[in-house]
Amino acid sequence: MAIIAGDACLPAYYPKDQVAFEKLQSGYRFHGITLEDLTGMQAGQWQPGWFVVALNEMDDPYFVDFSEETKGYPVYFAWHGAGVWEAQLVAPGIQACQALLEDLKRLHGNQPGTAAYLEEHCNIDEGLWQEVYDHTLSQDEFVEQEPVNMGDYVQGDILVIDCGPNKVKVMQFVKALLGLSPQAALGMVNNPPFVLKSGFKILMLRVIAQLESLGAKAEFIPSNSK
């Protein structure tokens, strides 16, 4: 998921192969010179299951816990240089994190759209997302872009009408997108129609396209049409 969304606090470096992945653990899981194991079970230590998957421009790590496979590998973030490691949840799973970064990359350069997205989808009152939000509001100049179609920024819901013939794949997609248990995702897939996700039309259309590629039928329902 090598997606660079454009903010210095968000992932900017991803390992390209297994060798680079192992080197990326230096300074986190082990000492870069002595190779001393830096992991530990105490609060504030780098936990044994944590593995770095990306760094931002300040070398702050994004990581997953390899013991959380059944949860879809939630993605965490921590500030380095604080003396202790305090994990902040970024997204409930790898695919959810990828979708989040893709959305922010698509909105990069659009201050109102990015700010509104962060307000709706992230906790902007503390930690990482507070800093990303502050960066967004402090920017004075933006990338030149085509005129904004305000119709793309209508709020609404994705209504899944039919999950189609590939229910298992649709269930896996729903599970990863929402960070649900397999049982909860299966319960939704087995009972259409259902509202999958809410947000701006411009972002929901991508999700609808992914569903349709799996054989499902879904549509965007504007909030003001209810």
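Just so you know, these numbers use all the heavy atoms, side chains as well, and skip hydrogens, waters and symmetry mates.
Of all the heavy atoms in Met188 and Leu180, the pair that sits closest is SD-CD1, 3.6 Å. Smallest separation of non-hydrogen atoms from Ala78 and Asp60: O-CB, 3.5 Å. Scanning all heavy atoms of the two residues, the minimum distance from Pro15 to Ala20 falls at CB-C, 3.7 Å. In this structure, Pro222 and Val154 approach most closely via the heavy-atom pair CB-CG1, 3.9 Å. When all heavy atoms are compared, the tightest approach of Gln47 to Arg29 is O-NH1, 3.9 Å. Nearest heavy-atom pair, Val189 versus Val170, reported as atom, atom and distance to 0.1 Å: CG2-CG1, 4.1 Å.
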Please lay out, stage by stage, how Tyr73 and Asp65 fare under the test side-chain contact (heavy atoms from CB on, under 4.5 Å). CA-CA 7 Å; Tyr73 295 116; Asp65 190 329; over 6 Å; no
Verdict with supporting geometry, Trp129 and His121, side-chain contact (heavy atoms from CB on, under 4.5 Å): CA-CA 10 Å; Trp129 295 117; His121 296 280; over 6 Å; no
Show your reasoning for whether side-chain contact (heavy atoms from CB on, under 4.5 Å) applies to Lys105 and Ile4. CA-CA 7 Å; Lys105 180 178 180 179; Ile4 299 176; 6.0 Å; no
As a quick check of understanding, evaluate side-chain contact (heavy atoms from CB on, under 4.5 Å) for Phe30 and Glu36, giving each step before the final call. CA-CA 5 Å; Phe30 61 87; Glu36 174 190 359; over 6 Å; no
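Distance check, rounded to the nearest 0.5 Å: CZ of Phe220 to CD1 of Ile158 gives 8.0 Å. Note: Leu128 CG to Asn56 CG = 8.0 Å, rounded to the nearest 0.5 Å. Atom-to-atom distance recorded for Glu22:CD and Phe51:CZ is 9.5 Å, nearest 0.5 angstrom. Expressed to the nearest 0.5 Å, how far CG of Leu55 lies from NE2 of His80 amounts to 9.5 Å. Note that NE2 of His108 and CG of Asp103 are 15.0 Å apart. Values are rounded to the nearest 0.5 Å. Rounded to the nearest 0.5 angstrom, Leu196 CG and Leu178 CG are separated by 5.0 Å.
Ring pair Phe66/Trp50: centre-to-centre distance not below 6.0 Å. In summary, the aromatic rings of Trp85 and Tyr28 are positioned with their centroids under 6.0 Å apart.
Residues Glu57 and Tyr13 bring no donor and acceptor atom of their side chains to less than 3.5 Å of each other.
A donor-acceptor distance shorter than 3.5 angstrom exists from the side chain of Asn110 to the backbone of Gly113, with no hydrogens or angles considered. Without hydrogens or angle criteria, Glu86 side chain to Gly44 main chain gives no donor-acceptor distance under 3.5 Å. Side chain of Asp157 to backbone of Leu159: no donor-acceptor contact under 3.5 angstrom is found. No side-chain donor-acceptor contact under 3.5 Å links Gln95 to the backbone of Gly93. Tyr133 places no side-chain N or O within 3.5 Å of a backbone atom of Leu118 that could act as its donor or acceptor partner. Listed for the Ser138 side chain is a donor-acceptor partner under 3.5 Å among the backbone atoms of His135.
Residues Met204 and Lys197 form a side-chain contact, since some pair of their non-hydrogen atoms from C-beta on lies under 4.5 Å apart. Residues Glu102 and Ile3 have side chains in contact (heavy-atom distance under 4.5 Å, counting atoms from C-beta outward). Looking only at side-chain heavy atoms (C-beta outward), Asn123 and Glu126 come within less than 4.5 Å of each other. When side chains are defined from C-beta on, Cys9 counts as touching Met58, because their heavy atoms get closer than 4.5 Å. Looking at heavy atoms from C-beta onward, Val160 lies out of side-chain contact with Lys217 at the 4.5 angstrom threshold. For the pair Phe173/Ser213, no side-chain contact is recorded, criterion being any heavy-atom separation below 4.5 Å from C-beta on. Asp7 has its side chain out of reach of Glu131: every pair of non-hydrogen atoms, C-beta onward, lies at least 4.5 Å apart. Looking at Trp79 and Gln88, their side chains come closer than 4.5 Å, going by heavy atoms from C-beta outward.
Residues Tyr76 and Val53 do not share a hydrophobic cluster, clusters being chains of Ile/Leu/Val/Met/Phe/Trp/Tyr side chains in contact below 4.5 Å. Both Leu205 and Leu214 are assigned to one and the same hydrophobic cluster, defined by single-linkage of ILVMFWY side chains at heavy-atom distances under 4.5 Å. Under a hydrophobic clustering in which Ile, Leu, Val, Met, Phe, Trp and Tyr are joined whenever their side-chain heavy atoms come within less than 4.5 Å, directly or via other members, Tyr14 and Leu24 fall into different clusters. In terms of hydrophobic clustering, with Ile, Leu, Val, Met, Phe, Trp and Tyr side chains grouped at heavy-atom distances under 4.5 Å, Leu100 and Phe63 are assigned to different clusters. In the hydrophobic clustering of this structure, Val64 does not group with Val52; members are Ile, Leu, Val, Met, Phe, Trp, Tyr whose side-chain heavy atoms approach within less than 4.5 Å, directly or through other members.
For Ile33, the CD1 atom sits in a loose shell: 12 or fewer heavy atoms of surrounding residues, nucleotides or ligands are nearer than 6.0 Å. More than 12 heavy atoms of other residues, nucleotides or ligands shown are found within 6.0 angstrom of CD on Glu120.
Applying the salt bridge (Lys or Arg N to Asp or Glu O under 4.0 Å) test to pairs two or more places apart or on separate chains, those with a residue in residues 67-84 are Glu68-Lys71.
Residues passing the side chain to side chain donor-acceptor pair (under 3.5 Å) test with Asp37, sequence neighbours excluded: Thr39.
Below 30°, between 30° and 60°, or above 60°: for Tyr62 and Phe77 the angle between ring planes is between 30° and 60°, a tilted geometry.
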